[in-house]
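Atoms within each ligand, like the ligands themselves, are counted from 1 in listed order. Predicted model, so just to flag it, every value in this text is computed and none were measured. Counting from 1, the numbers follow the sequence of the chain as shown.
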Amino acid sequence: MPEPLPEPADEPSTASPTDEFARIEVALAHVAADLEERGILAGGEAQDVLNAQALMAADPTIAEDIQARLSNGKSADRAVFEAFAGFRDLLVQMGGYMAERATDLDDVSQRTIARLRGVPAPGVPESATPFILVAHDLAPADTALLDLEKVIGLITREGGPTSHTAILARSKSIPAIVGVAGAEDLADGTIVVLDAANGTVDTEPSEAELAEVRGAIAERADAAAAPLTPGALADGTLIPLLANLGSADQAAEAVALGAEGVGLFRTEFLFLDATEAPSVETQVAEYERMLRAFVGKKVVVRVLDAGADKPLSFLNDEKEENPALGLRGIRALRSSERILRDQLTALAIAEARVNRYGSDSAAGGDAAAARDAKVEVWVMAPMVADLDDTEYFVSLARELGVRVAGVMAEVPSLAVLADQVFDVADFVSIGTNDLTQYTLAADRLLGSVAHLQDPWHPAVLRLVGMIGRAGRDAAKPVGVCGEAAADPLLAVVLVGLGVTTLSMTPAALADVRGELARHTLAEAQELARAAVNATSAAAARQAVTRLAAANAVG
Ligand code: PEP
Ligand code: MG
């Protein structure tokens, strides 16, 4: 387990503040350069995270704070420690997404102090054999460059499901469980079974359990090596498998892993650091970059989902007591319609530009080639509650040139009213992360109620079933783009409930593709009936696992 450096003692310093500051400036510059270099080596999403961390090391406000502490007689180590700790506390107080960036700041602080002391920064231990890494927390800089031949799993004491460590581990397909109380008590060399899908750590597995786990690992390796065929059930029913992305930089990897398009493009990730609303031109450039990577495919773009765990300063500046129940998603956009209008306009322009270019370059008037050279853009709104929100969004989207407009089902009221919503919306995409949070009234970022944050809960699945039925009656598509779609067996249940496409982190595509291929539609419907009739999430998971195993044997 990597140990953090001990806290620098708070003793008066006799060194010259000017000399000490010069030393600190050099250390910070080295840390920033090292983080950028690690970003270049890691590429993709990790590079964005590490570049953001490098900016923290170069932040003039933190430098000024350090300088003031040196003038007050603090030692170099202590001044750095206190300044970063102060900013860390500010982030923690902001809560949600910002609070989970606190670890990134801690890491910059530790690297700088290590540099000042001339010792190596705390990092990942060396080992000759593959191992599960147990850490108090892991810095993005370490997660990004983990040796995947050696580190086969990750358990941390700190961190929530949306911390950078968790996000990067997911994108690298490393099974990881964060926020495990007592993780630090695990002794080196303990045999551990880590089941990231179910969030369990078994420290005393029996021989029989170990044999079962080895079988599951071998099956997973087969799924990852299988050819990239379109998502389909055993009877040939097509279930397109799409990717959840937050930036155009992730597009190439998603395509390489067999994504048949994008089911959720989270546009707010592009603007998390923006202090004012991005211009139409800035947005067009970003969207065009994304759309060009998916020519010949479908891209479902979500308009800005600001608020709660993803605050955007230009959209949510009011302090709210319960931000998850406040002015977020479509509610925030309705109160700042100019921002929504600009975004819809930018999306319509980006689609037109990509498709005009596509048809110009298509081979000599060949209709099929022209179609294949186009990208299909669908646009949806988050946190839609009812028909009024739906009518508002769909009519504005059409007015501004968007051709396919739908809504996300994240608020339970939308599921209850799904038949009315389908009269207006072209499609519905179910965000099971928020739908679970709101159905069970359990904050998705809070470890103490994590046991209720389970999309296997029959209450959540019954709501999915209501949307599935309404979609079938209206002959319109129903997608799932929450984390539930990345759980292979739950994905089959969702299809049995009437879901027609599944969108997930690209790393999960192979497992889900493999599991779908093992069940017919009739079997998926049978599994879905067992799940909705169970009395708890655990009972639903157990009933479906048992039935699926029996079907496989029979
Ligand atoms: C969801 O809520 O399931 C979803 C896909 O949106 P996000 O996780 O970005 O809130
Ligand atoms: Mg959501």
Which ligand 1 atoms does Leu264 reach within 4.0 Å, using its non-hydrogen atoms? 5 (C)

Under the salt bridge (Lys or Arg N to Asp or Glu O under 4.0 Å) rule, what do Asp487 and Arg541 come out as? Steps first, then yes or no, please. CA-CA 11 Å; Asp487 173 338; Arg541 191 184 273 114; 5.0 Å; no

If we number the atoms of ligand 1 from 1 as shown, the ones under 4.0 Å from a heavy atom of Gly482 are 3 (O), 5 (C)

Apply the side chain to side chain contact (heavy atoms under 4.5 Å, CB included) test between Leu463 and each candidate in Val532, Leu435, Leu414; give the one that qualifies. Leu435

Around atom CZ of Arg398, are there more than 12 heavy atoms from other residues, nucleotides or ligands closer than 6.0 Å? yes

Starting from the C-alpha separation in whole Å, work towards a yes-or-no answer on salt bridge (Lys or Arg N to Asp or Glu O under 4.0 Å) for Glu515 and Arg518. CA-CA 5 Å; Glu515 192 62 44; Arg518 284 193 267 277; 3.1 Å; yes

Only one of Arg302, Gln283, Gln343 clears side chain to side chain donor-acceptor pair (under 3.5 Å) with Thr267; which? Gln343

Over 60° means perpendicular and under 30° means parallel, so classify the ring planes of Tyr287 and Phe271, tilted if in between. perpendicular

Do you see a donor-acceptor pair shorter than 3.5 Å between the side chains of Asp434 and Gln437? yes

Phe393 pairs by side chain to side chain contact (heavy atoms under 4.5 Å, CB included) with which of Val402, Leu333, Val379, Val384? Val379

Asn244 contact mode with ligand 1 (heavy-atom cut-off under 4.0 Å): neither

Hey, is Glu483 touching ligand 1 through its side chain, its backbone, both or neither, going by heavy atoms under 4.0 Å? neither

Which ligand 1 atoms does Cys481 reach within 4.0 Å, using its non-hydrogen atoms? 5 (C)

Test of understanding: with salt bridge (charged side-chain N to carboxylate O under 4.0 Å, His left out), list the residues that count as partners of Arg266, not counting sequence neighbours. none

Identity of the nearest option to atom 8 (O) of ligand 1, non-hydrogen atoms only, from Arg328, Gln437, Arg444, Arg302: Arg444

At less than 2.8 Å, how many protein N/O/S atoms surround the Mg ion (ligand 2)? Leave waters out. 2

Which ligand 1 atoms does Asp434 reach within 4.0 Å, using its non-hydrogen atoms? 1 (C), 2 (O), 3 (O), 10 (O)

